[in-house]
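We use all heavy atoms of the structure for the numbers below, so side chains are in, but hydrogens, waters and symmetry mates are not.
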Amino acid sequence: MMRAWILPMLLVLSGSVVATGQVFKGSPGTAAALLLAFLALAGVNSPLIFPRSIGALEAQRRSAVDGRPVVFWRPGCKYCIRLRIRLGPSARQLHWVNIWRDPAGAAAVRAANYGNETVPTVVVAGQPHANPDPKWVREQLSPSA
């Protein structure tokens with residue numbers, strides 16, 4: 001789990017260094033803008049935004065048991081971020097697979113999308129759906145999930 005925090009921490013540290021340099025150059029406005037940009041990138045890549053990812057095989061196994069959808073995503077994808085934010089707290093009810101960390105997940109997405117790594121790809125009852133509407137995804141969650 002600690003590895004998930006390395007990139008966000010590096011982004012915050014790098015942003016702080018760059019912003020400090022801008023302050024010393026006499027550009028506090030630029031420093032603030034750059035720091036905010038680095039913080040936004042850190043947030044997008046942080047485990048706080050996306051629930052903990054698991055491997056594709058484990059996600060498919062769990063989905064077969066509990067019926068919850070599997071979401072294949074990757075860091076920095078604006079459509080994945082949109083889905084995650086619009087799902088709100090219910091996002092934790094899904095099984096999330098980061099295709100950049102799981103080769104089997106990337107292969108599953110390519111198989112479902114004619115060789116393309118189109119994310120988010122949501123698999124519900126074994127059927128893949130590329131970039132589905134967040135409202136539709138929320139409707140796929142059972143009330144007991």
Trp136 backbone acceptor or donor facing Gln140 side chain under 3.5 Å: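 Checked: pair present.
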Hey, is the main chain of Val23 close enough, under 3.5 Å, to the side chain of Ser27 for a donor-acceptor pair?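 No; zero donor-acceptor contacts below 3.5 Å.
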Please assess Arg138 against Leu87 for the test side chain to side chain contact (heavy atoms under 4.5 Å, CB included), listing each intermediate value before the final yes or no. CA-CA 6 Å; Arg138 198 175 310 109; Leu87 286 174; 4.2 Å; yes
Rounded to the nearest 0.5 Å, how far does [atom2] of [Y] lie from [atom1] of [X]?
X	Y	atom1	atom2	answer
Ser53	Asp102	OG	CG	9.0 Å
Cys77	Asn98	SG	CG	11.0 Å
Leu34	Thr20	CG	OG1	11.0 Å
His95	Arg61	NE2	CZ	9.0 Å
Glu117	Arg74	CD	CZ	8.5 Å
Ile81	Arg86	CD1	CZ	14.0 Å

Give the intermediate values and the outcome of side chain to side chain contact (heavy atoms under 4.5 Å, CB included) for residues Leu57 and Gln60. CA-CA 5 Å; Leu57 298 176; Gln60 291 162 345; 3.8 Å; yes
Will you find, in the side chains of Trp73 and Thr121, an N or O donor that is under 3.5 Å from an N or O acceptor?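 No - no donor-acceptor pair under 3.5 Å links their side chains.
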Do [X] and [Y] sit in the same hydrophobic cluster, where Ile, Leu, Val, Met, Phe, Trp and Tyr count as joined when their side-chain heavy atoms come under 4.5 Å apart?
X	Y	answer
Trp96	Val124	yes
Met9	Leu36	no
Leu83	Leu141	yes
Trp100	Val123	yes
Tyr79	Val122	no

Looking at every non-hydrogen atom in both residues, tell me the closest pair between [X] and [Y] and how far apart they are.
X	Y	value
Ser63	Arg68	OG-O, 2.6 Å
Pro132	Val137	CG-CG2, 3.5 Å
Arg62	Ile54	NH1-CD1, 3.8 Å
Pro120	Val71	CB-CG1, 4.2 Å
Phe72	Ala56	CE2-CB, 3.9 Å
Arg84	Gly88	NH1-O, 2.8 Å

Would you say Leu94 and Val70 make side-chain contact, with heavy atoms under 4.5 Å? no
